[in-house]
Q: 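After the structure tokens below, expect a handful of questions from me.
Excluded from the calculations below are hydrogen atoms, water molecules and symmetry mates; all remaining heavy atoms, backbone and side chain alike, are included.
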Amino acid sequence: MQSQIAKAMLACGKLLAEIGVSTTTNGEPKTEARMLKFGDLQVELTPDKAYIGAVISLIFGIISWQLNQGVQSTPENSLQYANDNALLLAKSLRGALLALGYSSSILSAFTAVGLILLGRQLEQKEK
């Protein structure tokens, strides 16, 4: 059985090797559209969409940074809770919130830089 499959594959390979491949084109280069897929959603990548994404990312980073500045400027002695355990929990959650907020600001800045570089790369490929 395996030898028959091998013989058939060899025969097909020889036939395909004998067939000439046309190297003439119609003169127009093919432009491949880069696509992102998110489940059923498909989005074509263009330089404009990359720049818009970079602006949105920067706006998100600025908002996140400003929110963190507001949380950080709240003095810890102004926090009033029922007991010491609740106060300790609030302080630790505040620290986690600050860490999460600043990291999201930094990640959005990196995302903006990456999207700007992607937009430039896509522009160069179009030219």
Side-chain angles (χ1 to χ4, degrees):
M1 180 77 175
Q2 289 180 351
S3 64
Q4 291 174 345
I5 295 173
K7 288 178 184 177
M9 289 178 67
L10 287 172
C12 288
K14 287 178 184 177
L15 287 174
L16 289 174
E18 291 174 2
I19 297 173
V21 178
S22 174
T23 58
T24 60
T25 60
N26 58 2
E28 295 179 14
K30 289 185 178 181
T31 56
E32 291 184 18
R34 291 182 126 183
M35 301 292 285
L36 286 178
K37 291 184 181 182
F38 300 102
D40 293 336
L41 177 68
Q42 271 188 319
V43 179
E44 181 181 356
L45 283 177
T46 62
D48 293 336
K49 289 180 183 178
Y51 293 139
I52 290 170
V55 169
I56 291 170
S57 177
L58 281 175
I59 291 170
F60 175 78
I62 291 169
I63 290 171
S64 179
W65 187 270
Q66 291 298 320
L67 285 173
N68 280 326
Q69 292 295 320
V71 169
Q72 193 173 13
S73 68
T74 305
E76 286 187 12
N77 58 4
S78 70
L79 302 175
Q80 295 178 356
Y81 291 95
N83 57 26
D84 290 337
N85 290 335
L87 182 63
L88 289 174
L89 180 64
K91 286 181 181 180
S92 66
L93 289 175
R94 181 176 182 246
L97 178 66
L98 287 172
L100 183 66
Y102 284 125
S103 64
S104 68
S105 297
I106 291 168
L107 285 174
S108 67
F110 282 132
T111 302
V113 170
L115 286 170
I116 289 171
L117 292 175
L118 177 66
R120 285 185 182 172
Q121 183 182 16
L122 291 173
E123 276 182 352
Q124 290 174 354
K125 284 187 178 182
E126 285 182 357
K127 290 180 182 180

Q: Looking at Gly53, is its backbone amide N or carbonyl O close enough to the side chain of Ser57 to form a donor-acceptor pair, meaning the two atoms are under 3.5 Å apart?
A: no

Q: Determine whether Ile63 and Leu97 fall in the same hydrophobic cluster, where Ile, Leu, Val, Met, Phe, Trp and Tyr are linked whenever their side-chain heavy atoms lie under 4.5 Å apart.
A: no

Q: Taking only distance into account, with no hydrogens and no angle test, what donor-acceptor pairs under 3.5 Å do side-chain atoms of residues 43-52 form with protein atoms, sequence neighbours excluded?
A:
unit_1 : atom_1 : unit_2 : atom_2 : d
Thr46  : OG1    : Lys49  : N      : 3.2
Lys49  : NZ     : Glu44  : O      : 3.4
Tyr51  : OH     : Arg120 : N      : 3.4
Tyr51  : OH     : Glu123 : OE1    : 3.4

Q: Restricting to non-hydrogen atoms, name the atom on Ala112 and the atom on Leu58 that form the minimum distance, rounded to 0.1 Å.
A: CB-CG, 3.7 Å

Q: Look up atom CG in Leu98 and atom CG in Leu67, then write down how far apart they are to the nearest 0.5 Å.
A: 11.0 Å

Q: Is the closest side-chain heavy-atom distance between Ser92 and Leu89 below 4.5 Å?
A: yes

Q: Say you draw a straight line from CG of Leu122 to CG of Leu115; how long is it, rounded to the nearest 0.5 Å?
A: 10.0 Å

Q: If you draw a 6.0 Å radius around CG in Asp84, do more than 12 non-hydrogen atoms from other residues or ligands fall strictly inside?
A: no

Q: My understanding is that only residues two or more places apart in sequence, or in another chain, count here; which of them pass side-chain hydrogen bond (donor to acceptor under 3.5 Å, both in side chains) with Ser105?
A: Ser64

Q: Which pairs with one or both residues in residues 94-127 pass ring pair (Phe, Tyr, Trp, His ring centres under 6.0 Å), sequence neighbours excluded?
A: Trp65-Tyr102

Q: Between atom CG of Leu118 and atom OG1 of Thr111, what is the distance when rounded to the nearest 0.5 Å?
A: 12.0 Å

